[in-house]
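One structure is given below, encoded as structure tokens.
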Amino acid sequence: MQQFAIILILASCVSAQYAIWDTWSTTWERSNLFTSFKPNPPISFGPVSGTGQADIRIDDTSTFQSVWGFGGSLTDSSALTLNNLKSRNSASYRSLLNYLFNPTDDMNAAGFSYMRIPLGASDFSASAYSYDDTPGDTSFNNFDINRTPSYVFSVLNDIKAVNNIMRFHFIPWSPPGWMKDSGTMKGGALKPELIDEYATYLLKCVQGWNSKGFRAYAVSAQNEPLNSNPTYPTSKLTAAQEAQIGLRLRSLLNSNGFSDTKIVGYDHNWSNAGGYPVQLMQDAGSAFDGVSFHCYAGNVSQQDTFHSQFRDKQIYFTECSGTFGSDWWSDIKWYMDNIAIGSIERSSHTGLMWNIALDGSGNPKLPGTSSCGGPGCRPLVTVNSDGTWSVNQEFYALAQASKAILPRDVGGPFGKRIGVSVGGELNWALRVSAFVTGRVDSSEWQRYSIVVLNWDDSVGGWNPQPVRATIEFRGTQASYTFPVGVTTLWWYAPSTSFDVCGSSNTEEQGPMVF
């Protein structure tokens, strides 16, 4: 009898430890669209008792990279689109910025916190320009950061007011045309004899943006260095040349007060992950903090090709774009499998799409560009001429993931990926990533989050099926039925496990504070 009582006490202690307090859901049929639910009562973890159709096993003893945010690129066109919305309907504009960027915990917002910004023109600009288009000006006496359209700075200041933890990653689509063998920003390649001067140009870009109040978290030498297209700003750059630029730029940044600014190389497709970026690290690993990838060729598993050789170097995923007219749910499955979950589980610190905002045709674009042809590239958010807006499938995929890694506290850390595996008869039906987010006050309980894609939708034909799952954590278990779609949920726990109703760690952990 005494032994039975002890078992009951232990069971009740276990079930009192952890509970799922918050969930966010986007379902395939759109009945939930980044919808917040607070289970009432919270879903408690209790003693392990069998497993569901799928069994999600959290291993918080295995920790990996921090995830510094999801988001997209603020091109000139995206900024113009948002600025026009501000002029037409300022309330709608403010509501949109809040929905996209507010990082406050438990806020009805995605909290996108990593942004790529072109240095000069891209294929989404009104014209092709750099910050110094004076031929032969190798001293850059005519360098002018204000060649950036004023609305770019205006919109960025508004975004920064909503999200002051935003990281800015600056990157050119082309050097100034006079620095290239083509004499134009549209296609061609950097002249080899101007490598040092180009590094100086990049330094001046970082300094110029800093003078506007936007410190560079990271800078890159060239967007898609293997691409040369004569219809919009592009430029080829060999790995050996980028290595030389990186070494010179690292020295310039360090000696000019920007030693904390990272240099990120490559910024092109998965398909060449074992080539260009590997050579870049071999030639100038001391200059580069890591490399970044795009989705347009190859597959996400190729990130491992790079990571396996350079585990001390960071990986960023920085660009992918869908096109108008594709299937909403198929797109979300692909984005989760390859970017929001897939790229992150393969060591990326970020997950970004291409344009943040455009109109319903994927405009405005650079006149004459051949990029994003056909139905047009789809942005995170479509802004309409009547002052309304609607977010797209790219938003929902990234928002669900972003919610899991945002800081729990003001001034707190971003989430860190932890170990997770899926067992059970339907283990194939769920794609899962897991994270732990620390606290400013170490005595407060940490937040544990999972992002779950249920893509069990087509066994024997179109047949969406919810999956009854168990979630195993530190010898306890909770049950949750995942609808077909994406679900993000979280619970809280101390940094170490309880022993017998928490007696051994009560003083160490302090009271339970969420």
Does D312 have any salt bridge (Lys or Arg N to Asp or Glu O under 4.0 Å) partners at least two apart in sequence or in another chain, and if so, which? none
S449 side, atom OG; I58 side, atom CD1 - distance, nearest 0.5 Å: 10.0 Å
Is it the case that atom NZ in K416 sees more than 12 heavy atoms from other parts of the structure closer than 6.0 Å? no
Listed partners of C377 passing disulfide bond (SG atoms under 2.5 Å apart), at least two apart: C372
Interatomic distance, CZ@F168 vs CZ@R215, rounded to 0.5 Å, equals 13.0 Å
Would you mind listing every ring pair (Phe, Tyr, Trp, His ring centres under 6.0 Å) that reaches into residues 146-166, with sequence neighbours excluded? F153-W209
Side chains of F101 and I356: closer than 4.5 Å at any heavy-atom pair? yes
Straight-line distance of I341 CD1 to L430 CG, nearest 0.5 Å: 9.5 Å
Applying side chain to side chain donor-acceptor pair (under 3.5 Å) as the test, list every pair that has at least one member in residues 283-304; sequence neighbours left out. E224-H294, D267-S292, D267-H294, W270-Q303, Q279-D283, H294-T318, Y296-E319, N299-S301, Q303-S343, D304-R346
Residue pairs, two or more places apart or on separate chains, that pass disulfide (SG to SG under 2.5 Å) and touch residues 121-185: none
Cation over ring, K160 on F214, under 6.0 Å and within 45°? yes
Salt bridge between R147 and D132, side-chain N to carboxylate O under 4.0 Å? no
Within the 3.5 Å criterion, strictly below it, is a donor on N227 or T234 matched to an acceptor on the partner's side chain? no
M336 side chain reached by R431 side chain, heavy atoms, under 4.5 Å: no
Shortest non-hydrogen separation from N355 to S78 and the atoms involved: OD1-OG, 3.2 Å
Here the gap from L119 atom CG to S174 atom OG, rounded to the nearest 0.5 Å, amounts to 11.5 Å
Side chain to side chain contact (heavy atoms under 4.5 Å, CB included) for L406 and S113? Distances and angles first, verdict last. CA-CA 8 Å; L406 290 171; S113 295; 3.7 Å; yes
The side chain to side chain donor-acceptor pair (under 3.5 Å) partners of Q393 (sequence neighbours excluded) come to D331
Closest non-hydrogen atom pair, A110 against S402: O-OG, 2.6 Å
Can you name the residues that form a side chain to side chain donor-acceptor pair (under 3.5 Å) with H268, not counting sequence neighbours? none
Could you give the side-chain donor-acceptor pairs of residues 189-208 under 3.5 Å, partners two or more places apart or in another chain?
residue	atom	partner	partner atom	Å
Y198	OH	A221	O	2.7
T200	OG1	D196	O	3.3
Y201	OH	Y131	N	3.1

Is the positively charged end of K403 above the ring of W24, judged by distance under 6.0 angstrom from the centroid and angle within 45° of the axis? yes
In this structure, which one of Y99, F70, F395, W68 forms a ring-ring contact (aromatic ring centres under 6.0 Å, His included) with F112? F395
Apply side chain to side chain donor-acceptor pair (under 3.5 Å) to S433 and list each qualifying residue two or more places apart in sequence or on a separate chain. none
Applying side chain to side chain donor-acceptor pair (under 3.5 Å), name anything that partners R248, two or more places apart in sequence or on another chain. none
Is there any disulfide (SG to SG under 2.5 Å) pair reaching into residues 261-357, and which pairs are they, with sequence neighbours excluded? C295-C320
With W173, which residues qualify under ring-ring contact (aromatic ring centres under 6.0 Å, His included), at least two apart? W354
Only one of P364, P149, S125 passes side chain to side chain contact (heavy atoms under 4.5 Å, CB included) with L80, and that residue is P364
I need the F435 CZ to T488 OG1 distance, nearest 0.5 Å. 9.0 Å
Looking only at non-hydrogen atoms, find the nearest pair between P277 and V291 and report the distance. CB-CG1, 3.8 Å
